[in-house]
*Asks:* 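Take a look at this one; I'll ask things after.
Because the structure is a prediction, the values reported are computed rather than measured.
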Amino acid sequence: MSHDPIKNDCNGSGDTQPQIVVLGIGNVLWADEGFGVRCVEIMQQKYECGPNVQWIDGGTQGLYLIQHVQGADRLMIFDAIDYGLEPGTMQIIENEEVPKYMGAKKMSLHQTGFQEVLALAQLTGKYPEHVVLIGCQPEELEDYGGSLRDSVKAVIPRALDIALSYLTAWGGEPKPRIRPLTEYESVTLPHLQLARYEGERPPEELACRIGDDRFMPANNEKA
């Protein structure tokens, strides 16, 4: 496990720029599960990179992300990972260790799905040369419609600093964004972006915050 990006051969073979995928996975509707998606959202708002960098809100798409993994020379993943540590603790995992950590303690189906994506990419022989997982220990997951807890939100700036060091080493040419993103360029849909999501969501006393009540156990027992 290393906290320093690999700096050699950052352009791959010859003068061809490496294809870099910056991927956030998780579900923004379940509190700290949204850490990965929020990191990519905020990073894209703050920085722009070369044309070889692709920003992706992977959500919970699972196997639908396979083409992005197969097409990447360098893959950066942001995700909430239950390491069993203090909330907000970050871990930086690289290369062959990444699938092990993503499956150590699954929090939701999206992690099982993405493990399969990595395994399938390896089987097809189209696997990134370098993979880095920037993971954060969540504080709260069982809060449907909730947002990131302060302990998790507070580490996003550090997560982005780490990501910038990797992007620079990999040849992604990150720099502060001058022209604001349009809603069509943003990886996150306008109504789900963090500021609007937090500003418009109803308080707990006015909305169900434990999931869709049509599927709650009490209702199922009455059926």
*Asks:* Applying salt bridge (charged side-chain N to carboxylate O under 4.0 Å, His left out) as the test, list every pair that has at least one member in residues 167-179; sequence neighbours left out.
*Replies:* Arg179-Glu185
*Asks:* Would the distance check show the side chain of Asp32 and the main-chain N or O of Leu141 forming a donor-acceptor pair, the cut-off being under 3.5 Å?
*Replies:* no
*Asks:* Keeping the roles fixed (side chain from Glu33, backbone from Asn27), state whether a donor-acceptor pair exists under 3.5 Å.
*Replies:* yes
*Asks:* Would you call Ile92 and Tyr166 a side-chain contact if the rule is heavy atoms closer than 4.5 Å?
*Replies:* yes
*Asks:* Look only at the side chain of Gln44 and the backbone of Trp55, and say whether a donor-acceptor pair between them is shorter than 3.5 Å.
*Replies:* no
*Asks:* Please enumerate all residues that pass side-chain hydrogen bond (donor to acceptor under 3.5 Å, both in side chains) together with Gln137, with sequence neighbours excluded.
*Replies:* Asp82
*Asks:* Just by modelled atom types, is the Leu133 backbone N or O under 3.5 Å from a matching donor or acceptor in the Asp79 side chain?
*Replies:* no
*Asks:* Could you tell me whether the side chain of Ser165 and the main chain of Ile162 form a donor-acceptor pair under 3.5 Å?
*Replies:* yes
*Asks:* Membership question, hydrophobic clusters at under 4.5 Å side-chain separation (ILVMFWY): are Val69 and Tyr64 in the same one?
*Replies:* no
*Asks:* Is there a side-chain contact (heavy atoms from CB on, under 4.5 Å) between Met76 and Ile20? Walk through the geometry before answering.
*Replies:* CA-CA 8 Å; Met76 179 182 298; Ile20 301 171; 5.7 Å; no
*Asks:* When rounded to the nearest 0.5 angstrom, what is the spacing between CD1 in Ile156 and CG in Leu148?
*Replies:* 5.0 Å
*Asks:* Would you check if the side chain of Glu142 reaches a backbone N or O of Tyr144 as a donor-acceptor pair within less than 3.5 Å?
*Replies:* no
*Asks:* Under the rule for side-chain hydrogen bond (donor to acceptor under 3.5 Å, both in side chains), what residues qualify as partners of Thr124, not counting sequence neighbours?
*Replies:* Gln70
